[in-house]
Amino acid sequence: MASDHEEFRHESLEDRQSIAKYLNALSEAFANGNLTFGHNGQAIELEPRGLLKFDVKASRKRGAVKVSLRLNWQEDEEDRDPSVGSLVIKTSDGGTS
Amino acid sequence: MPSRAIQENFRFLVLEVTKQVESTVRVLTTGDESLIDSVYLKDDYIDNLRGFIDSKCLTVIRDAEEGDQRTVELARAVDIVTNNLERMADFAVNILRQYKYIKDHTVLRRYEFEPLFDEVLGGLGRVSEAVFQADVSEALQICRAEINLDEMYAERFRRVMSELRAGGEEVEDLVTTLFIARYLERMGDSLLNIGEAVISLSLHERLKIHQYWALEETLDVGKGESKGLSLETIFETRSGCRIGKVRDHREGSEGNLVLFKEGQRDKLVEERDGIHFWHERFPDLAPKILGWHEADHHASLLLEYLSGQTFQQVVLGGSGAELSAALQALGLTLRSIWEETRVDEPIQPGFLGQIAKRLRDVKKVHPDFGGASDEQIGALKVPAFEDLLRRAEAIEALLPAPFSTYIHGDFNVDNIIFDPAADRLHFIDLHRSRRFDYVQDVSVFMVSNFRLPVIDKAVRRRLSAVILAVYRFVQSFARDAGDTTFEARLCLGLVRSLTTSTRFVLDPDFAQAMYLRARYLLERLLAHEGDDWSTFVLPTNVLRY
């Protein structure tokens with residue numbers, strides 16, 4: 001069981017070509033459904049599934065430009081909490097739907 | 001209308017309070033302390049204005065002619081708003097008193113109070129219009145300022161606490177900063193009171209004298225004797241009907257409970273016809289009609305009082321066993337209605353057309369929703385919501401329901417009564433009952449669970465479980481009934497209910513969560529275009545929050 005609080009942060013200077021490598025790596029990771037962030041032998045392994053909230057912001061203010069991408073999601077409740085699927089309505093023939 | 005003197009002085013009061021708040025924000029942001037004394041002086045003038053309006057309102061209420069309830073209601077609302085405005089001016093003075101204790105002004109600036117003042121001023125700017133036009137959408141915006149202020153206050157509170165815990169030299173200034181933030185938060189509370197006063201004004205909260213007469217006449221139609229009645233509670237439905245719980249002592253001192261509904265004649269005719277509609281086939285499902293009285297524009301209806309709890313009460317507060325029992329009763333009831341009333345003729349539910357009719361109301365509450373123009377991100381074009389709707393309408397036209405059944409028509413969790421003693425369900429609020437696509441009731445029911453304003457995790461899980469159980473139950477019914485396009489139609493029905501329900505949801509984050517889900521469902525549906533609709537699967541995770 002992973003600990004309840006994990007964090008990873010990366011900061012660097014990039015240029016137009018080198019930043020594309022990062023964005024491609026993220027893009028592939030989301031397409032594969034497997035996203036690993038590692039540092040010092042520690043890794044956060046994420047498996048984005050279900051709904052991802054996506055927030056894109058771009059601004060330019062007196063030459064200072066900021067583009068931010070934010071993604072957040074809840075890890076699948078049904079995996080963590082079996083009670084979500086536990087309520088059942090019986091159908092009239094006595095079976096369960 | 002209250003006298004001109006009240007109106008003029010009221011507008012003055014709004015203006016003066018606004019100026020006080022503006023001066024306060026200037027002192028805080030520019031450090032221009034020369035304004036402080038003038039704010040103190042102005043406070044007396046504002047007190048006088050309030051006193052004047054107060055006494056005028058009381059005179060209006062005292063002298064109003066009988067039956068001129070509207071004027072009385074307006075005077076009461078003006079009085080409530082006046083007192084809250086005066087309180088806001090006091091908070092501005094209190095903020096400046098606190099300001100004088102600040103030793104290091106950089107501490108204060110760090111906490112950026114302008115956004116909070118902007119909220120307060122935004123709310124104040126709407127007050128006159130809201131009150132004199134009894135404008136609910138303006139009032140809702142005023143109420144919303146309180147939500148935003150609460151959030152901004154909470155954020156600053158947490159920051160002050162963590163700075164205090166970290167120690168340092170600034171303890172006094174941090175505490176003073178917190179006091180200032182707190183006064184702004186209380187201004188938000190006053191704005192909420194103002195917004196609520198306007199809302200209750202435009203919903204005619206108080207019982208009117210002619211409704212008592214209607215009640216007596218309705219009872220006369222029923223039994224002949226109208227003495228021995230007592231009104232227990234009264235509340236108003238969203239559609240503008242007023243409902244009273246009446247105890248009828250005529251056949252015993254204990255008395256039976258009956259429900260009295262009064263409102264627009266057309267609405268109540270629909271309600272009465274809806275009840276008759278059910279009585280023919282399912283006599284115990286709807287309440288019995290005990291009396292009916294109609295006049296030119298108004299009508300009143302006396303109904304059997306059904307004991308039990310609404311489904312909403314069961315899902316939010318019932319035990320697990322009660323919830324399970326209510327769900328079983330729901331399944332049995334729906335299945336028997338659908339099977340017994342099924343007619344094999346295609347019917348077009350037109351869910352998306354229902355959105356178009358309500359989109360204007362949605363935009364009044366949430367101006368950012370339902371945009372009409374596309375967005376662009378690099379080479380990607382993100383279509384406007386209205387564009388998605390248009391394209392989905394073409395799909396919808398190809399997907400009529402294969403059969404029709406009786407439907408409730410407004411199948412919200414608070415329109416279903418579960419009687420645990422008899423282990424059975426009753427339907428209420430039947431003015432939209434008709435023969436239609438059963439998926440309409442299913443989607444309305446699912447979203448009425450989803451949109452309950454609850455954040456408690458355990459309760460949210462319960463809501464998800466209910467929604468999922470109903471989905472699986474209906475899926476199995478559809479399979480047995482040979483309804484192959486059920487999932488696609490349910491998707492359209494959910495888009496409709498999620499979108500239109502946002503007009504009842506004030507919390508902007510929660511409303512956005514619903515709107516984005518509607519959008520997501522539309523996109524999933526459009527992505528399936530060209531494939532066989534019987535293979536479409538509804539992404540059920542959209543109904544988890």
Side-chain angles (χ1 to χ4, degrees), chain A residues 4-5 7 14-28 30-31 33 46-61 65-97, chain B residues 315 320-340 375-378 380 382 449 457-458 460-481 509 512-513 516-517 519-521 523-524 539-545:
Chain A
D4 209 33
H5 182 95
E7 221 174 82
E14 303 297 332
D15 54 42
R16 202 157 56 79
Q17 280 83 23
S18 62
I19 193 63
K21 282 193 300 185
Y22 283 82
L23 294 175
N24 286 336
L26 285 171
S27 154
E28 270 173 38
F30 275 104
L46 301 176
E47 291 178 3
R49 270 192 283 163
L51 295 176
L52 315 178
K53 169 95 187 285
F54 184 37
D55 190 355
V56 184
K57 273 189 199 164
S59 66
R60 180 162 54 200
K61 194 174 173 185
V65 177
K66 192 157 136 185
V67 174
S68 74
L69 309 178
R70 195 168 64 183
L71 282 147
N72 46 70
W73 66 90
Q74 286 287 318
E75 288 184 325
D76 207 338
E77 287 249 323
E78 225 166 333
D79 292 349
R80 288 188 292 152
D81 182 2
S83 73
V84 170
S86 66
L87 276 176
V88 169
I89 302 177
K90 294 185 195 74
T91 55
S92 59
D93 53 18
T96 55
S97 57
Chain B
V315 76
E322 279 165 344
L323 178 58
S324 182
L327 273 175
Q328 303 318 317
L330 180 71
L332 273 176
T333 308
L334 289 178
R335 194 173 255 271
S336 74
I337 293 170
W338 295 341
E339 284 175 351
E340 287 176 39
E375 288 173 354
Q376 190 190 337
I377 299 179
L380 187 71
V382 186
N449 278 283
K457 281 208 161 162
R460 289 287 352 159
R461 274 202 292 276
R462 235 174 179 220
L463 293 170
S464 302
V466 166
I467 293 168
L468 200 63
V470 168
Y471 167 71
R472 288 185 179 145
F473 161 75
V474 182
Q475 192 180 40
S476 133
F477 167 80
R479 199 172 44 233
D480 295 350
D509 291 338
Q512 193 206 31
L516 292 179
R517 278 164 170 75
R519 234 200 110 96
Y520 177 77
L521 286 175
E523 281 170 339
R524 294 284 71 71
T540 51
N541 51 9
V542 294
L543 291 167
R544 230 182 278 148
Y545 181 74

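Letters A, B, ... are given to chains in the order of the sequence lines, protein chains preceding strands, and every chain is numbered from 1. Scope of the values below: all heavy atoms of this structure, side chains included, with no hydrogens, waters or symmetry mates.
At a 4.5 Å heavy-atom cutoff, the contact between Gln512(B) and chain A is made by side-chain atoms alone. For chain A, the nearby part of Leu323(B) is the side chain; its heavy atoms alone come within less than 4.5 Å. At a 4.5 Å heavy-atom cutoff, Ile467(B) makes no contact with chain A through either its backbone or its side chain.
Nearest approach of Gly331(B) to Ile89(A), heavy atoms of both residues: CA-CG2, 3.7 Å. Listed here is the closest heavy atom pair of Val88(A) and Gln328(B): O-NE2, 2.8 Å.
Checked against side chain to side chain contact (heavy atoms under 4.5 Å, CB included), Ala458(B) has the following partners two or more places apart in sequence or in another chain: Asp456(B), Arg461(B). Partners of Leu26(A) according to the side chain to side chain contact (heavy atoms under 4.5 Å, CB included) rule, which considers only residues two or more places apart in sequence or in another chain, are Leu35(A), Phe37(A). Shown here are the ring pair (Phe, Tyr, Trp, His ring centres under 6.0 Å) partners of Phe477(B), two or more places apart in sequence or in another chain: Trp338(B), Tyr438(B).
In this structure, Trp73(A) CH2 and Asn541(B) CG are separated by 14.5 Å, a value rounded to the nearest 0.5 Å. Distance OH/Tyr545(B) to CD/Gln74(A): 9.5 Å, rounded to 0.5 Å. How far NZ of Lys90(A) is from OG of Ser476(B): 13.5 Å, rounded to the nearest 0.5 Å. Expressed to the nearest 0.5 Å, how far CZ of Arg517(B) lies from CG of Leu51(A) amounts to 6.0 Å.
Within residues 17-24 of chain A, no residue has a heavy atom under 4.5 Å from a heavy atom of chain B.
Using a 4.5 Å heavy-atom threshold, the side chains of Val466(B) and Leu87(A) count as touching.
Few gaps surround CD on Glu523(B); more than 12 heavy atoms of other groups in view lie less than 6.0 Å from it.
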